[in-house]
Amino acid sequence: LDTIHRKMAHVAEVMVRFGDKVICPKDPSYSTVSPKVAKWSPFFDGCIGAIDGTQIEIVADKESKEDMRNRKGFPSFNMLAIVDHAMRFTFVGSGMSGACHDMYVLRECQTKPSFPKPPPAELPVQEMRDWIKTGVAYIDPKD
């Protein structure tokens, strides 16, 4: 049994190293705007993809079962994923307890060096005001 655990640990380690090379942005600096959103430029120029999370059900031992129990009542791990406009995974964060809140999971993932960060976007003020007048967006009037 000990040999099986060592082999499983080795396979898991290899998969993590493989994932670090494969699950990453094609252009980490996001130097160009995706053609999928270019027609809405400049409003989505800094958009790098979509983010979502899910719960992955697990079998937990007695000691950790309650810590892993999510709001739906079953033990799980949280998983957060980001995909780019071509539906390629650019980030996957997993392993946090199902009891963790989604915002906690997001903040934890943001601390990882591999978490993709969009470039700073600068939207021309007049274009933004015109966009707001159409009723598409809301900005606090104090700004």
Pair F74-M68, side chain to side chain contact (heavy atoms under 4.5 Å, CB included): steps then yes or no: CA-CA 8 Å; F74 59 87; M68 304 305 275; over 6 Å; no
NZ-NE2 distance between K26 and H85, expressed to the nearest 0.5 angstrom: 14.0 Å
Verdict with supporting geometry, N70 and F77, side chain to side chain contact (heavy atoms under 4.5 Å, CB included): CA-CA 8 Å; N70 63 25; F77 281 130; over 6 Å; no
Joint hydrophobic cluster, I48 plus L80, side-chain heavy atoms closer than 4.5 Å: no
Donor-acceptor contact below 3.5 Å, side chain N78 vs main chain S97: yes
Rounded distance [0.5 Å steps], CG in D45 versus OG in S34: 10.5 Å
Inter-residue atom distance E108.CD - M103.CE, 0.5 Å rounding: 13.0 Å
Heavy-atom side-chain contact between L106 and F115 under 4.5 Å: yes
F89 atom CZ, over 12 foreign heavy atoms within 6.0 Å: no
CG/D27: more than 12 non-hydrogen atoms of other groups inside 6.0 Å: yes
C47, P118, P25 screened by side-chain contact (heavy atoms from CB on, under 4.5 Å) with Y30, the one that passes: P25
Inter-residue atom distance I58.CD1 - S76.OG, 0.5 Å rounding: 6.5 Å
Donor-acceptor contact below 3.5 Å, side chain K65 vs main chain E63: no
D102 side, atom CG; R107 side, atom CZ - distance, nearest 0.5 Å: 12.0 Å
Heavy-atom closest pair, residues A38 and V33: CA-CG1, 4.1 Å
Beyond-backbone contact of M79 with V92, side-chain heavy atoms, under 4.5 angstrom: yes
I23 CD1 to F18 CZ distance, which is reported to the nearest 0.5 Å: 8.0 Å
Atom NZ of K36: over 12 foreign heavy atoms under 6.0 Å: no
Modelled atom types, side-chain donor and acceptor of T90 and D84, under 3.5 Å: no
Distance-minimising heavy-atom pair for G93 and F91: N-CE2, 3.5 Å
